[in-house]
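Here is the structure we will look at.
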Amino acid sequence: MTRQKGIDAALAQFDHHMIEATGYTHHEYAYIRAAGPTSLEHVMLYGSLIDESGAVEFLERCQNEDRKSAAGRKPQLSFRAMLILFLMHIDNGDARYGTIAKTLFARTTPATRDYLEMSQFLSSERQWYLRVHRSMNRILDLLEPWDVSKKHHVTAVEFIAAKATYSQEKRDRAEDLVNMLLHASIKRLPADIRARYKGNVAIDATPIFLVGEPNYKWDREDNDRLNLNAMSTRYTRAGNHEGKGHEDDEAAWEMETVVTVANTPHDKLSFPVLMSGASFQHPGRNKYGPLRAMKQHCKLFDRDERHRLMADQEYNGFKPHRFQAEIRKLGFRGVFNHSGKRKPGKDATIGDAVLVDGFLFVKWMPRHLMNSTGDFASGRISKEVHIAHIEARKQYALTPHGRPDEDGYQRFTYPKLTGLMLFDPVTGARLKRTPTLAQQSLTVGPDSPEAMRVIKNLSAVQYYTEEWHAWFGLRNRAEENNLWFKSDVATDIGNPEKRRARGYAYHFLTAGMAAAVSNIRRIVSHLEAEASVVVDRPTLRARRRVDIDGNPLPPAIAA
């Protein structure tokens, strides 16, 4: 009986969570998603997300800012209608203009057309295609950073002229619109699950491939462009991903993605993996994109919801004033990778401390402990010896206190030196007397070149310890997210053939919408996983509302 009560409670909680997240029970949600655009409930499922995001009002403000006069053809498809249609077709795996036109031609009803505030007249599929094309361009024109032709291969002269038309304002608009959709999807989290979040994120970049030959590098202005996406560049899987001209390079943009991860490394169910921040850039040209994506994440999560940031070596290789110092001001502490062949010794010195592999130790620590990572990478010591050195470092480590403040300052305290084997940092000779610390604590902030060298690699946990392996492993969630939202059989957004239109704004918006619908699906999957701890999955998937006679109730309409 106790077991059955637990199952009943888990099923009730599952239903409650599903209604919070989607407006429907699980069975109703699955039915409505499969119903297609002839179902009013199906269209409303996506309309509610667009309405909650504020995207329509945002586009209307942008239009008013750009409008020179009230002249021009009145649109036959509103911003709202186009965003809803685009989003639901992306979730269905094909958002090409021709597919949307077929829906409007043959798969809408008077009820769905009324909900989309469309005219009730009928017309040919070709006419609908032209309306979709014009209406989508009304949106993209507000977001496209460069004024450049999308109809022919751009010459070198045209490319140079297009570069001069760059609008940071429009690029900001595209970024804000995409992140509005991401944040609207995350706000669908049930309240009790949202309240659990402790502030851990991972960051990574992923290519958004394009149809056609790759263009030359961004600074190659003497060549005609080879791709109809004239302002795109080339992607390579090696190095910083900026293609240099190899035959394996591919035409692409690059999307910087920030994702929420679990509260602790060993508890995947503590919080779902959701894309919470995004920016769009040329492959390998990511001076500013990572910080912009992090700031978009912070629009949704308060300072007390910012904890650890997991990132690969590329990110602690940035100039610190562009990323590491700024994320610390936001309240994050990095967990970085420090592997690879390294020069022996310390990374930086500050006060009576040295930074070694991203962590602060007293400057009198033995040299073989300082050099251990480089020695291991070069094969001079075994893995077992390296791990022993990592463990021996702990007694020399400074202790961090709290998180960095709004100016990026954080306090550390020195360990007790009594009883430690200490060595002269210059000669390497063992000290006969315990040195005197200049002070018992050390405050590190972005106030000097010396401090910035520390901040460049400063990590929240000591490198290569069991704790570091556990936390750094969460970085894989960003790679998994990028695989999910692009390769998902539902959206298929990773297939460039499904994205035939051109331009920065189009591909960013398409990828962002795919991430938003992927977020919703992952919220549902997370709710299923939580309930499956108590209830077996077949029982969970068969869950539906029934009347007093046990007959299934028809799908409800979400409020």
| field | Aromatic ring pairing F301/H297, orientation class (parallel under 30°, perpendicular over 60°, tilted between) | value | parallel

| message | Does this structure show an ion pair linking R285 with E254, if we count only N-O contacts that are shorter than 4.0 Å? | response | no

| Do E305 and R194 sit within salt-bridge range, that is, some charged N less than 4.0 Å from a carboxylate O? | yes

| task | On the 0 to 90° scale, with breaks at 30° and 60°, tag the H368-H389 ring pair as parallel, tilted or perpendicular. | result | perpendicular

| field | Residue pair R522 / N481, side-chain donor-acceptor N/O under 3.5 Å | value | yes

| said: Counting neighbours of CD on Q168 that are heavy atoms of other residues, nucleotides or ligands and sit closer than 6.0 Å, is the number greater than 12? | reply: yes

| field | K268 bridged to E480 by N-O distance under 4.0 Å | value | no

| message | Does K244 have more than 12 heavy atoms from other residues, nucleotides or ligands lying within 6.0 Å of its NZ? | response | yes

| field | F508 and Y504 aromatic ring geometry - parallel, tilted or perpendicular at 30°/60° bounds | value | perpendicular

| task | Using a strict cut-off of less than 4.0 Å between a Lys/Arg side-chain nitrogen and an Asp/Glu carboxylate oxygen, indicate whether E144 and K170 qualify as a salt bridge. | result | no

| request: Classify the angle between the aromatic ring planes of H282 and W218 as parallel (below 30°), tilted (30 to 60°) or perpendicular (above 60°). | output: tilted

| Do R393 and Q462 get their side chains close enough for a donor-acceptor pair, meaning under 3.5 Å? | no

| In terms of the angle between their ring planes, are Y197 and F271 parallel, tilted or perpendicular, with boundaries placed at 30° and 60°? | tilted

| Stepwise side chain to side chain donor-acceptor pair (under 3.5 Å) check, N316 with N457 | CA-CA 6 Å; N316 52 304; N457 289 293; 3.2 Å; yes

| message | Do the side chains of D248 and R237 get close enough for a salt bridge, i.e. N-O under 4.0 angstrom? | response | no

| request: Can you label the angle between the Y464 ring and the H386 ring as parallel, tilted or perpendicular, going by 30° and 60°? | output: tilted

| request: Could you check whether the rings of F323 and F318 sit parallel, tilted or perpendicular, using 30° and 60° as the cut-offs? | output: perpendicular

| request: Show your working on salt bridge (Lys or Arg N to Asp or Glu O under 4.0 Å) between K299 and E175 and close with a plain yes or no. | output: CA-CA 13 Å; K299 289 181 179 180; E175 185 178 290; over 6 Å; no

| field | Cationic N near anionic O, under 4.0 Å, E450 to R453 | value | no

